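Note that this is a predicted model, so its numbers are computed, not measured.
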Protein chains: 2
Amino acid sequence: MTEATLRCCQNGGPPEDCMHCPLRSIALYGPAVDGKSDTLERVRSSGMVHGTRHIMVREGEIPRQVFTLFSGWAFQFHLLPDGRRQIFSFLLPGDFIGAEGLINLPANYSVQSLTRVQLCGFDAQELGRVFQENVELRERINEHFYDEVSVLTGRLIDVGRRTATERIVRLILEIEQRAKSRGLVSDQTIPFPLRQTHIADALGLTSVHVNRTINALRRAGHITFRRGSMVIENRMALQEIGGSSA
Amino acid sequence: MTEATLRCCQNGGPPEDCMHCPLRSIALYGPAVDGKSDTLERVRSSGMVHGTRHIMVREGEIPRQVFTLFSGWAFQFHLLPDGRRQIFSFLLPGDFIGAEGLINLPANYSVQSLTRVQLCGFDAQELGRVFQENVELRERINEHFYDEVSVLTGRLIDVGRRTATERIVRLILEIEQRAKSRGLVSDQTIPFPLRQTHIADALGLTSVHVNRTINALRRAGHITFRRGSMVIENRMALQEIGGSSA
DNA sequence: CGCTCTGTTGAGATTGCTCAAACCTAGTGG
DNA sequence: CCACTAGGTTTGAGCAATCTCAACAGAGCG
């Protein structure tokens with residue numbers, strides 16, 4: 001079902017040397033500051049590759065391994081006993097997975113890969129110790145959860161108080177924004193691996209309704225989709241619909 | 001509009017001495033552990049009383065004052081430009097207000113009193129310093145945001161993936177649970193100061209619909225409401241509807 | 001007594017859902 | 001290279017949950 005897990009990264013994977021990792025400046029542990037930044041390698045357990053639908057973190061369990069998503073997309077979610085699913089947020093390259101493991105608490109949600117992913121894995125305990133020893137890093141943990149609160153409140157406003165069209169437009173705009181900030185956008189083409197059912201489960205809608213709504217946006221000429229990516233044709237219109245921010 | 005703010009607590013207010021505060025063991029800064037627990041008083045700026053609808057924290061601003069809610073209820077919310085409101089969660093006695101101020105970050109939401117409240121106020125900077133100096137307290141901050149994530153994900157599941165009845169029942173059960181844990185429940189009577197519009201704004205519904213749904217529960221004999229409080233008449237039935245947990 | 005806030009209720013409109021079938025596309029195995 | 005499959009998208013028809021608008025009633029307050 002899921003692509004076999006390879007133990008070592010090859011072509012285009014993360015470097016052995018965290019200090020020169022292209023993602024280093026975005027990562028939770030931040031840019032290599034002091035000379036002793038190689039503490040990271042000492043703690044890093046391995047790079048790995050997984051296919052779609054691989055579960056990296058299980059809700060309720062204390063993550064023993066934590067990860068930086070090096071390439072590919074993932075998402076955080078909860079599954080109800082009857083199969084209903086709520087997606088909390090999507091993870092892009094550079095995002096950290098399993099931060100609860102750093103402070104020894106059970107994960108608030110499961111995390112699953114949305115595409116093929118390359119991960120940099122660390123032992124949760126050990127990395128947690130590294131974080132505790134450094135003031136800057138300690139603060140990063142706070143900020144991580146703070147940021148998480150911030151995206152959750154945003155999503156809650158969407159789901160609780162905005163129409164389907166508003167929600168979808170805002171999700172699209174948000175993803176464009178985040179993809180841009182990671183340098184994933186070239187030539188106006190924004191990577192967009194989400195299936196309509198992911199959008200539905202993130203926004204509290206039905207995939208059927210998502211389909212109709214998106215097609216309306218498409219027919220209106222505001223946006224174009226192609227094989228895992230999208231192009232925003234009329235940003236003004238979209239911002240108008242989404243209410244810019246607030 | 002809002003009751004005048006008194007500078008000093010009188011009858012039944014918090015003691016001068018944080019060490020013997022009845023709420024001490026629930027509070028964010030935890031029970032008085034070591035002998036030097038009086039650091040708190042040194043940092044505490046004042047007790048105060050506010051009427052309904054007093055804004056304690058403004059979204060987007062870094063809280064300069066932080067509080068422990070000593071008595072009364074409050075809620076965290078966001079207001080859209082067009083007046084739509086999303087409530088994120090309700091605050092009970094013992095809850096901390098403005099934790100973002102401890103780490104010098106802007107508040108993710110506004111906080112407003114739902115009833116008359118008594119607050120223990122602290123200077124955010126100073127209390128933040130106290131927290132940083134102590135390992136246990138440092139961890140409390142993490143846990144605070146972690147908990148916040150946990151309630152937000154819970155609410156998001158409700159709003160995104162459950163029916164109106166399910167949501168309302170779960171909110172009621174959750175509030176009973178929390179009120180109980182703070183010793184606010186006596187004689188099966190659970191304090192319930194929320195107006196139907198608060199329920200609506202927390203659960204992504206209309207107050208009209210909340211009204212009809214609640215009345216159905218009432219007519220079914222599952223629950224009773226009276227002047228700011230409620231009694232659960234048939235817990236089994238409610239748990240059945242709410243899906244216990246998960 | 002006259003407000004204001006909240007809760008109630010009715011009637012009708014809508015958004016978004018359910019069910020179901022058809023269709024596409026990429027991947028798989030022969 | 002083709003048939004087949006699995007996962008996703010699209011579309012239609014009908015329905016249900018929830019909303020909107022509006023009016024009224026009851027409680028508490030100055």
Starting at [atom1] of [X] and ending at [atom2] of [N], how long is that distance when rounded to a whole Å?
X: A/Leu203; N: C/dG16; atom1: CG; atom2: C1'; answer: 13 Å
X: A/Arg195; N: D/dT10; atom1: CZ; atom2: C1'; answer: 15 Å
X: A/Leu217; N: D/dT9; atom1: CG; atom2: P; answer: 15 Å
X: B/Ile168; N: C/dG7; atom1: CD1; atom2: P; answer: 12 Å
X: B/Arg167; N: D/dA17; atom1: CZ; atom2: C1'; answer: 10 Å
X: B/Arg53; N: C/dT4; atom1: CZ; atom2: P; answer: 12 Å
X: B/Asp82; N: D/dT20; atom1: CG; atom2: C1'; answer: 15 Å
X: B/Ile214; N: C/dT6; atom1: CD1; atom2: C1'; answer: 12 Å

Would you please confirm or rule out a distance under 4.0 Å between OP1 or OP2 of [N] and any side-chain N or O of [X]?
X: B/Ser207; N: C/dG7; answer: no
X: A/Gln196; N: D/dT10; answer: yes
X: B/Arg218; N: C/dT8; answer: yes
X: A/Asn215; N: D/dT9; answer: no
X: A/Asn211; N: D/dG8; answer: no

Open item on the list: Judged by each residue's nearest nucleotide on DNA chain D, which is more toward the 5′ side, A/Arg161 or A/Val208?
Closed with: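 Of the two residues, A/Val208 wins.
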- [ ] Would you mind telling me which of B/Phe192, B/Phe77, B/Phe75 makes a ring pair (Phe, Tyr, Trp, His ring centres under 6.0 Å) with B/His198?
- [x]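 That would be B/Phe75.
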- [ ] Using modelled atom types only, decide if a donor and an acceptor are shared between the side chain of B/Arg161 and the backbone of A/Leu205 within a distance under 3.5 Å.
- [x]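 Yes, the answer is positive, given that a donor and an acceptor are paired below the 3.5 Å cut-off.
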Open item on the list: Do B/Ser89 and B/Gln76 pair up side chain to side chain, a donor and an acceptor below 3.5 Å, judged on atom types alone?
Closed with: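 A pair is found: one side chain offers a donor N or O, the other an acceptor, under 3.5 Å apart.
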Task: Exercise: do B/Arg218 and B/Asn215 side chains pair donor with acceptor under 3.5 Å - done: yes
Task: Under 3.5 Å donor-acceptor pair, B/Arg212 side-chain atoms to C/dG10 base atoms - done: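 Answer is yes: a donor-acceptor pair is held.
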Open item on the list: Is there a side-chain contact (heavy atoms from CB on, under 4.5 Å) between A/Phe88 and A/His78? Walk through the geometry before answering.
Closed with: CA-CA 8 Å; A/Phe88 301 119; A/His78 173 85; 3.6 Å; yes
- [ ] Compare the minimum distances between each of C/dG16, C/dG7, C/dT9 and the side chain of A/Leu205, then state the nucleotide with the smallest one.
- [x]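 When the side chain of A/Leu205 is considered, C/dG16 is the closest of C/dG16, C/dG7, C/dT9.
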Determine the contact category for [X]: base if any of its heavy atoms lies under 4.0 Å from a base atom, sugar-phosphate if only primed atoms, P, OP1 or OP2 are that close, otherwise nothing.
X: A/Thr213; result: nothing
X: A/Gly204; result: sugar-phosphate
X: B/Arg226; result: nothing

